[in-house]
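Right, one structure below, let's go through it.
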There are 2 protein chains.
Amino acid sequence: MTNSQRTDRAPATPPATARGGKRERLAAAAARMLHEQGVEKTTLADIARAANVPVGNVYYYFKTKDELIEAAIGAHAEGLHAMIASLEELPTPQERLKELIGGWVRQRDLAVQFGCPFGTLCSELDKRADGLDRTAAEVMRIFIDWSEQQFQAMGRDDSRDLAVALLAAYQGISLLTNTFRDPELMVREGDRLERWIDSLA
Amino acid sequence: MTNSQRTDRAPATPPATARGGKRERLAAAAARMLHEQGVEKTTLADIARAANVPVGNVYYYFKTKDELIEAAIGAHAEGLHAMIASLEELPTPQERLKELIGGWVRQRDLAVQFGCPFGTLCSELDKRADGLDRTAAEVMRIFIDWSEQQFQAMGRDDSRDLAVALLAAYQGISLLTNTFRDPELMVREGDRLERWIDSLA
DNA sequence: GTCTATACTAAGATAGAC
DNA sequence: GTCTATCTTAGTATAGAC
């Protein structure tokens, strides 16, 4: 996630000129709008409105729509790192994985409305000619790698396959929860996955 | 899947005027192009070209792009019914489900390139204002219902949950196979699912 | 029933005033 | 650094010739 737009004269704080962190607001708004409306249906005007930034001002921060999408991927990556850091505080890998699943279940209403925020993005970016789908894949890989570590810590020698299966189960049930508009699908699959985690020890 | 465009004077055969079954060709081409390029990036011109039908002629058969999408959903439904009919010829539910999984694995290169033909469509239709996502959900339900019957025939009282889990596993691994451009993910998850089927009996 | 030309609309992007 | 006005492109859809 390069940051070529920023002057970076004052590290760790936004440039004095960027009052109110408009760049950050635009990136966060982009992530939200791309999830809710999809990549192709979301216009720069939609994102500007959601970020409370005048439409014509967007191009000062991002030269193209692609750059805004890249910033949205970066926002997802940050959220992912925060989630992982929070899970790391739990003592055992089983607890960490089950808390992960619990988080998915608690977010089920969002899945009902729009599917998985990051999975739908990966799916849509694949249809675009730009290389943003590769950037998104890198972020997805961070998550798989972390899950693999958890299964490894549980002593499984098929940890990679299990990590892929866990993420696939979540992506798939997110799609079905969204397609059928039924939050219970996520609840029941979450229960099943937690029992599965317990059975692996 | 209404057919209001057709005169239906000669049931079970296309109207004499529709030489070469252009309507059917357009529906099949639409299904293919929507999968490969996504709903929003696919233009009517793309579909017309893929179907070998002159661009301006499309509107004679379909009044709007939405009607073409609906016809594509219908084409998917037909393919689904054909697949189910073929699986029904196998003697046991275990064999039917494992052959289903085998079919998914054999189609892995398509998943690498574009994801699941129908799952990506459901995901994209959700972002549109029209009600086509509900039509797609009906088709998806046909598949779940059939899977549920198989698990029920195996004597499982949690057949619905298992059917949902199986379809979710496929949708999820299709997304990951596509995101990571790695057909092996589908192969390994297919193996895992077949072992899972065996373990349920 | 088939096809061409074109009207209409909307979105991405840019120039330049403030 | 902020914002308005506008250019350009592209896609859906329609009118009407053949």
Side-chain angles (χ1 to χ4, degrees), chain A residues 3-10 13-26 29-30 33-34 36-72 124-125 127-130 132, chain B residues 3-10 13-26 29-30 33-34 36-72 124-125 127-130 132:
Chain A
N3 231 347
S4 56
Q5 296 296 305
R6 294 260 291 265
T7 54
D8 279 337
R9 284 183 302 171
T13 60
T17 46
R19 280 192 306 237
K22 288 190 180 177
R23 192 173 207 282
E24 289 70 22
R25 289 216 312 278
L26 282 167
M33 296 307 287
L34 293 182
E36 297 183 1
Q37 302 192 331
V39 176
E40 305 302 333
K41 298 231 93 165
T42 298
T43 69
L44 295 173
D46 290 333
I47 297 171
R49 197 180 329 109
N52 260 307
V53 170
V55 215
N57 204 342
V58 172
Y59 282 95
Y60 175 74
Y61 295 98
F62 300 94
K63 277 197 286 290
T64 62
K65 186 179 182 180
D66 272 18
E67 279 191 17
L68 242 180
I69 296 173
E70 194 173 0
E124 290 188 83
L125 291 181
K127 309 303 186 193
R128 292 173 68 94
D130 52 51
L132 289 175
Chain B
N3 232 346
S4 54
Q5 297 296 307
R6 296 261 290 264
T7 54
D8 281 337
R9 284 183 301 171
T13 59
T17 47
R19 283 192 305 237
K22 289 191 181 178
R23 193 173 207 282
E24 289 70 22
R25 289 217 312 277
L26 281 167
M33 296 307 287
L34 294 182
E36 296 183 2
Q37 303 193 329
V39 175
E40 303 302 333
K41 298 232 91 164
T42 298
T43 69
L44 296 174
D46 291 333
I47 297 171
R49 196 178 331 110
N52 261 306
V53 169
V55 218
N57 203 343
V58 172
Y59 283 95
Y60 176 73
Y61 295 98
F62 299 95
K63 276 197 288 289
T64 62
K65 186 177 182 180
D66 272 18
E67 279 190 17
L68 241 181
I69 296 173
E70 194 173 0
E124 290 189 82
L125 291 181
K127 310 300 187 196
R128 292 173 69 94
D130 52 53
L132 289 175

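Just so we're on the same page: letters track the sequence lines, and every chain starts at 1.
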What is the distance from [atom1] of [X] to [atom2] of [N], rounded to the nearest Å?
| X | N | atom1 | atom2 | answer |
| --- | --- | --- | --- | --- |
| Phe62(A) | dC3(D) | CZ | C1' | 17 Å |
| Glu67(B) | dT14(D) | CD | C1' | 15 Å |
| Glu40(A) | dA10(C) | CD | P | 18 Å |
| Lys63(A) | dT14(C) | NZ | P | 10 Å |
| Lys65(A) | dT8(D) | NZ | C1' | 17 Å |
| Leu26(A) | dT2(D) | CG | P | 11 Å |
| Asn57(B) | dA15(D) | CG | P | 17 Å |
| Leu44(A) | dT14(C) | CG | C1' | 13 Å |

(message) Closest approach to the side chain of Thr43(B), judged atom by atom: which nucleotide of dT12(D), dA13(C), dC3(C) is it?
(response)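 Nucleotide nearest to Thr43(B)'s side chain: dT12(D).
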(request) Go through dT12(D), dT14(C), dC3(D) for me and flag the one nearest to the Tyr59(A) side chain. (result)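 The answer is dT14(C), which lies nearest to the side chain.
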(message) So Val58(B) and Ile47(B), do their side chains get closer than 4.5 Å, heavy atoms only?
(response) no
(message) Between Ile69(B) and Arg128(B), is there a side-chain heavy-atom distance shorter than 4.5 Å?
(response)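 Heavy-atom side-chain distance check passes, below 4.5 Å.
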(request) Using heavy atoms to find the nearest nucleotide of DNA chain C for Thr64(A) and Val55(B) separately, return the residue whose nucleotide is more 5′. (result) Val55(B)
At less than 4.0 Å, is any side-chain N or O atom of [X] found next to OP1 or OP2 of [N]? Yes or no.
| X | N | value |
| --- | --- | --- |
| Tyr61(A) | dT2(D) | yes |
| Tyr60(B) | dT2(C) | no |
| Lys22(B) | dC3(C) | yes |

(message) Would you compute the distance between atom NZ of Lys63(B) and atom CG of Leu68(B) and round it to the nearest 0.5 angstrom?
(response)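 Between Lys63(B) NZ and Leu68(B) CG, I get 12.0 Å after rounding to 0.5 Å.
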(request) Could you grab the distance from atom CG of Asp130(A) to atom CD of Glu67(A), nearest 0.5 Å is fine? (result)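 Spacing of CG (Asp130(A)) from CD (Glu67(A)) equals 11.5 Å.
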(message) Please identify which of these residues, Met33(A), Arg49(A), Lys65(A), meets the side-chain contact (heavy atoms from CB on, under 4.5 Å) condition with Leu44(A).
(response)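 It is Lys65(A), the one option of Met33(A), Arg49(A), Lys65(A) that forms the side-chain contact (heavy atoms from CB on, under 4.5 Å) with Leu44(A).
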